[in-house]
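No experiment lies behind these values; they were computed from the predicted model shown. Index from 1, following the sequence.
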Amino acid sequence: KTREVDHAVLPATKSAIRGLPLRRANTRGAWAGAVAIALIGVLCSSASAFVADTRIAFSSWGDGNADIYTMASDGSDVTQLTSDSLYEDLFPSWSPDGTEIAFASTQDGGDFDIYVMDAAGQNVTRLTTDGGEDWFPAWSPDGSRIAFVSHRTGVGELFMVDTDGSNLTQVTSNPDAGDTTYEVYGGGWGPDGAQFVLQSQRYGNSDIYVIDVDSGSEIQLTVDEAWDFWPSWSPDGTTIAYSSNITGTSEIHTIAEDG
């Protein structure tokens, strides 16, 4: 039976998000389940990253492993773009002009790396080749850069790379080496391309931050004991929506972009 991520069926809870794998699990079943939870966040984080014209890109385990598909916005015309029977292809992100898709894949037999292919699934190009997991790609509004989360330093940090694989830049850095819970998770670009909103776990708690992509300076938007996660910027850049369990259950909240 085809198993696709459905965030109405698999809600992102605090315990589930804390179970997000930093590296692949030892068993295929555990890994697939954990990635499903991770993918929920990407699906919720930025609809514009998945829709080009009237097509939606998504991952599905229909053939037993994760592959990239596209479909029309009414659910018709499902097209499989990748078919790697031994590997996983996840987290598709459309280029702003709708001609290319960035995604994370293990298709070279190692860790997840960032790849780009055209909208028909052809002309696949590998952008990253490091020894850590790279995932959650997000195309910049001007189409020149791709942001992604990498574990090449041992913890999740935000990186940027040009769409030809050059000019790799680390944007975030753990502000406290003594914090062993620190991780950065996927988010989304601000409409002007100057800022990036993301979820950062620090001392076992997750809050929403806005990062200046050039300087790395940050603004902490949420300050509470709740689990705040999977932020998404409004098209006009004034508001950020995010999930939080501050009421006891995971619900959608909004906050001004300056906090």
Side-chain angles (χ1 to χ4, degrees), residues 17 20-24 35 38 41-42 45-46 49 90-93 95-96 100 102-106 108 110-116 125-222 228-233 240 242 257:
I17 297 300
L20 184 69
L22 306 185
R23 297 169 183 83
R24 277 170 289 165
V35 167
V42 181
S45 66
S46 179
L90 292 167
F91 312 122
S93 173
S95 63
E100 296 179 287
F103 63 103
S105 178
T106 62
D108 280 288
D111 296 320
F112 274 95
D113 281 301
I114 305 301
Y115 293 75
V116 171
T125 302
R126 185 180 182 181
L127 297 189
T128 64
T129 58
D130 66 284
E133 307 282 11
D134 299 334
W135 47 10
F136 300 118
W139 223 296
S140 65
D142 66 1
S144 67
R145 291 189 288 179
I146 294 172
F148 63 97
V149 173
S150 176
H151 291 88
R152 67 188 63 198
T153 65
V155 296
E157 298 282 13
L158 183 68
F159 284 74
M160 305 281 176
V161 67
D162 287 355
T163 54
D164 63 359
S166 64
N167 296 322
L168 178 70
T169 304
Q170 182 175 344
V171 179
T172 63
S173 183
N174 187 354
D176 184 352
D179 180 6
T180 59
T181 71
Y182 174 85
E183 291 287 339
V184 164
Y185 298 106
W189 289 86
D192 63 1
Q195 295 176 304
F196 195 90
V197 64
L198 51 76
Q199 166 195 351
S200 182
Q201 177 178 313
R202 303 181 186 186
Y203 291 102
N205 187 60
S206 177
D207 284 299
I208 306 302
Y209 293 77
V210 169
I211 309 296
D212 182 283
V213 298
D214 290 324
S215 70
S217 62
E218 63 180 37
I219 299 172
Q220 183 174 353
L221 297 188
T222 62
D228 304 325
F229 49 93
W230 306 131
S232 176
W233 226 302
I240 291 169
Y242 63 98
E257 54 86 23

Rounded to the nearest 0.5 Å, how far apart are [atom1] of [X] and [atom2] of [Y]?
X      : Y      : atom1 : atom2 : result
Ile211 : Ser200 : CD1   : OG    : 7.5 Å
Asp111 : Trp135 : CG    : CH2   : 10.0 Å
Asp108 : Thr129 : CG    : OG1   : 9.5 Å
Tyr209 : Ile219 : OH    : CD1   : 12.0 Å
Gln199 : Asp228 : CD    : CG    : 8.5 Å
Phe229 : Tyr185 : CZ    : OH    : 12.0 Å

Is a donor from one side chain sitting under 3.5 angstrom from an acceptor on the other, for Ser206 and Gln201?
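No, Gln201 and Ser206 have no side-chain donor paired with an acceptor closer than 3.5 Å.
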Does either side chain, that of Asp113 or that of Thr128, offer a donor lying less than 3.5 Å from an acceptor on the other one?
yes
Taking every non-hydrogen atom, the tightest pair across [X] and [Y]:
X      : Y      : value
Asp179 : Arg202 : OD2-CA, 3.2 Å
Asn174 : Glu157 : N-OE2, 2.9 Å
Ala104 : Pro137 : N-CG, 4.3 Å
Ala147 : Met160 : CB-SD, 3.4 Å
Ala194 : Asp192 : N-OD1, 2.9 Å
Tyr242 : Pro231 : CB-CA, 4.0 Å

Side-chain donor/acceptor of [X] to backbone N/O of [Y], under 3.5 Å:
X      : Y      : answer
Glu133 : His151 : no
Ser140 : Ser144 : yes
Ser217 : Asp212 : no
Gln170 : Thr172 : yes

Give me the ring orientation class for [X] and [Y]: parallel if the planes are under 30° apart, tilted from 30 to 60°, perpendicular past 60°.
X      : Y      : answer
Phe103 : Tyr115 : parallel
Phe159 : Phe148 : parallel
Trp189 : Phe196 : perpendicular

List the steps, then state whether side chain to side chain contact (heavy atoms under 4.5 Å, CB included) holds for Val116 with Thr163.
CA-CA 8 Å; Val116 171; Thr163 54; 5.8 Å; no
Using the side-chain contact (heavy atoms from CB on, under 4.5 Å) definition, which of the options Val161, Ile114, Val149 pairs with Asp134?
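That would be Ile114; it is the only one of Val161, Ile114, Val149 passing the side-chain contact (heavy atoms from CB on, under 4.5 Å) with Asp134.
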Should Asn167 and Arg145 be marked as a side chain to side chain contact (heavy atoms under 4.5 Å, CB included) after you check the CA-CA gap, both sets of side-chain angles, and the distance that decides it?
CA-CA 9 Å; Asn167 296 322; Arg145 291 189 288 179; over 6 Å; no
Checking Asp130 against Leu168 for the side chain to side chain contact (heavy atoms under 4.5 Å, CB included) test, could you report, in this order, the C-alpha distance in whole Å, the side-chain angles of both residues, the deciding distance, and whether it holds?
CA-CA 11 Å; Asp130 66 284; Leu168 178 70; over 6 Å; no
Are any of the side-chain heavy atoms of Pro175 and Tyr182 separated by less than 4.5 Å?
yes
Chi angles and distances behind the side chain to side chain contact (heavy atoms under 4.5 Å, CB included) call for Ile146, Leu127:
CA-CA 10 Å; Ile146 294 172; Leu127 297 189; 3.7 Å; yes
